[in-house]
Amino acid sequence: MGQPTSREGDAPAPPGGLPPGQRLQRGWPVTHYGPVPKFRPERWEFRVFGATADGRSRAWKHEEFSALPHETVIADLHCVTKFSILGAEWGGVRAATILDMVPPAPDVTHVMVWAEYGYSANLRLSDFADPRSVLATHRSGELLTAEHGFPLRLVVPRLYAWKGPKWVRGVEYMTADRRGFWEERGYHNIGDPWREQRYSYQEEPGDGPEL
Ligand SMILES: Nc1nc2c(c(=O)[nH]1)N[C@H]1C(S)=C(S)[C@@H](COP(=O)(O)O)O[C@H]1N2
Ligand SMILES: [Mo]
């Protein structure tokens, strides 16, 4: 597998520790909107679609996805409701590995990560491509539980945790930015915890598409 590609617009890695306004959370609470979906292995697939380099989409059944290169990443989780979990160990497939396997077209700037029930989160390609962004199947060596996103969730430690959908089903490559579920409902389009980009009213020109 190739090195995680360095892409234009990559910001320097944020420092570890607690971002401003966050407090340390013990344990691992469950936070999400709506019901926990049932996993149906025969119907499940992970799809990469949209502006791929060759114009074709790609899909993996659960068994096939489980055979992809598995890596371990230490990554924090910062919920916009102000709790943070530090130093969690995630196992899964790096987002950068997906980008290597299904290269985006040269004009792709953003991705939309899609989950069950239509939950979605938009990310800049550079945030998705970060070497610590991981499509996680495991935490601390154990399979994720249903309420924490089994069989697959995205973890993007450089952004607030709503940018990491649980129950991920696909990634759409986009040549322009579009708002995801929470980004349409009052949360910041970029969502950098180190800059406390919590709410859409804090957005500055260029941070996102008009609401
Ligand atoms: N599909 C989906 N994923 C989601 C959410 C959601 O509502 N639906 N909430 C996000 C938010 S706001 C947080 S803080 C984390 C919480 O993950 P956890 O329940 O495993 O702690 O999941 C994120 N992923
Ligand atoms: Mo959250």
Side-chain angles (χ1 to χ4, degrees), residues 1-10 32-34 36-71 73 90 92-137 144 149-156 158-185 187 189-191 208-209:
M1 218 22 72
Q3 292 293 322
T5 320
S6 160
R7 277 156 219 280
E8 252 175 33
D10 270 6
H32 60 261
Y33 175 84
V36 174
K38 224 191 204 89
F39 172 55
R40 294 188 179 84
E42 68 289 351
R43 286 208 220 149
W44 191 93
E45 60 173 25
F46 173 77
R47 231 158 71 77
V48 177
F49 62 103
T52 60
D54 65 5
R56 294 210 299 251
S57 57
R58 180 84 203 271
W60 289 265
K61 296 181 196 304
H62 188 247
E63 227 177 68
E64 296 166 336
F65 194 89
S66 304
L68 295 181
H70 187 100
E71 293 178 77
V73 175
W90 307 93
V93 179
R94 278 184 214 271
T97 302
I98 300 294
L99 292 167
D100 282 346
M101 290 189 300
V102 188
D107 53 344
V108 168
T109 54
H110 294 79
V111 302
M112 189 74 79
V113 180
W114 289 99
E116 303 284 358
Y117 300 136
Y119 184 92
S120 61
N122 59 317
L123 292 88
R124 295 179 293 198
L125 180 59
S126 55
D127 288 325
F128 185 68
D130 184 280
R132 288 166 314 144
S133 296
V134 59
L135 285 154
T137 54
L144 293 173
F150 178 81
L152 191 65
R153 74 174 298 164
L154 179 65
V155 177
V156 183
R158 63 155 76 182
L159 300 177
Y160 284 119
W162 86 77
K163 293 286 194 179
K166 304 194 275 194
W167 315 295
V168 172
R169 292 292 301 275
V171 176
E172 177 186 358
Y173 293 168
M174 306 196 294
T175 56
D177 199 5
R178 219 168 69 219
R179 288 177 190 267
F181 182 84
W182 286 120
E183 296 80 5
E184 276 184 334
R185 290 169 174 77
Y187 287 90
N189 189 58
I190 295 172

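The chain is numbered in sequence order, starting from 1.
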Q) How many angstroms lie between atom CZ of Arg132 and atom CG of Asp127, to the nearest 0.5 angstrom? A) 10.5 Å

**Q.** Minimum heavy-atom distance Asn189-Gly208, with the two atoms named
**A.** ND2-CA, 3.2 Å

Q | Euclidean distance, Leu159 CG relative to Leu154 CG, rounded to 0.5 Å | A | 9.0 Å

Q: Would you mind reporting whether Trp90 and Arg153 have side-chain heavy atoms less than 4.5 Å apart?
A: yes

Q: Take Phe46 and Val171 through the side chain to side chain contact (heavy atoms under 4.5 Å, CB included) test and state the conclusion after the steps.
A: CA-CA 8 Å; Phe46 173 77; Val171 176; 3.8 Å; yes

Q | Validation row, ring centre His62 to ring centre Phe39 under 6.0 Å | A | yes

Q) Is the side chain of His110 donor-acceptor paired with the backbone N or O of Met112 at a distance under 3.5 Å, no angle test? A) no

(Q) So does Ala129 get a backbone contact from the side chain of Ser133, meaning a donor-acceptor N/O pair under 3.5 Å? (A) no

Q) Quick one: CG on Leu123 to OG1 on Thr109, what's the gap to the nearest 0.5 Å? A) 11.5 Å

Q.
Please give me the minimum heavy-atom distance between Glu64 and Lys61, naming the atom from each residue.
A. OE1-N, 2.7 Å

Q) Checking side chain to side chain contact (heavy atoms under 4.5 Å, CB included) for the pair Leu135/Thr97: CA distance, chi angles, key distance, verdict? A) CA-CA 10 Å; Leu135 285 154; Thr97 302; over 6 Å; no

Q: Would you give the length of the straight line joining atom CG of Asp100 to atom CD1 of Ile98, rounded to the nearest 0.5 angstrom?
A: 9.5 Å

Q: Locate the shortest heavy-atom distance separating Phe65 from Val93; write the atom from each residue and the value.
A: CE2-CG2, 3.8 Å

Q.
Show the nearest heavy-atom pair for residues Thr137 and Leu152, with the distance to one decimal.
A. CG2-CD1, 3.8 Å

Q. Just by modelled atom types, is the Pro131 backbone N or O under 3.5 Å from a matching donor or acceptor in the Arg94 side chain?
A. yes

Q: Report the C-alpha distance between Leu68 and Met101 in whole Å, list the side-chain angles of each, state the deciding distance to 0.1 Å, and finish with yes or no for side chain to side chain contact (heavy atoms under 4.5 Å, CB included).
A: CA-CA 10 Å; Leu68 295 181; Met101 290 189 300; 3.8 Å; yes

Q.
Is any side-chain heavy atom of Tyr173 closer than 4.5 Å to one of Leu125?
A. no

Q) Salt-bridged, Lys163 to Glu183, with N to O below 4.0 Å? A) yes

**Q.** Shortest non-hydrogen separation from Arg56 to Asp54 and the atoms involved
**A.** N-OD1, 2.8 Å

Q) So, the side chain of Asn122 versus the backbone of Gly180: is there a donor-acceptor pair under 3.5 Å, distance only? A) yes

Q. Is the backbone of Glu45 close enough, under 3.5 Å, to the side chain of Arg169 for a donor and an acceptor to pair up by distance?
A. yes

Q: In sequence, state the C-alpha distance, the side-chain angles, and the governing distance for Phe181 and Tyr33, and then conclude on ring pair (Phe, Tyr, Trp, His ring centres under 6.0 Å).
A: CA-CA 10 Å; Phe181 182 84; Tyr33 175 84; 5.2 Å; yes

Q.
Between Val156 and Asp130, is there a side-chain heavy-atom distance shorter than 4.5 Å?
A. no

Q: Give the intermediate values and the outcome of ring pair (Phe, Tyr, Trp, His ring centres under 6.0 Å) for residues Tyr187 and Trp162.
A: CA-CA 9 Å; Tyr187 287 90; Trp162 86 77; 5.3 Å; yes

Q: With rounding to the nearest 0.5 Å, note down the distance linking CD in Glu116 to CH2 in Trp44.
A: 9.0 Å

Q: Please report the closest heavy-atom contact between Ala51 and Val108, naming both atoms and the distance.
A: O-CG2, 3.2 Å

**Q.** Atom pair CH2/NE2 of Trp167 and His32 - distance to nearest 0.5 Å
**A.** 4.0 Å

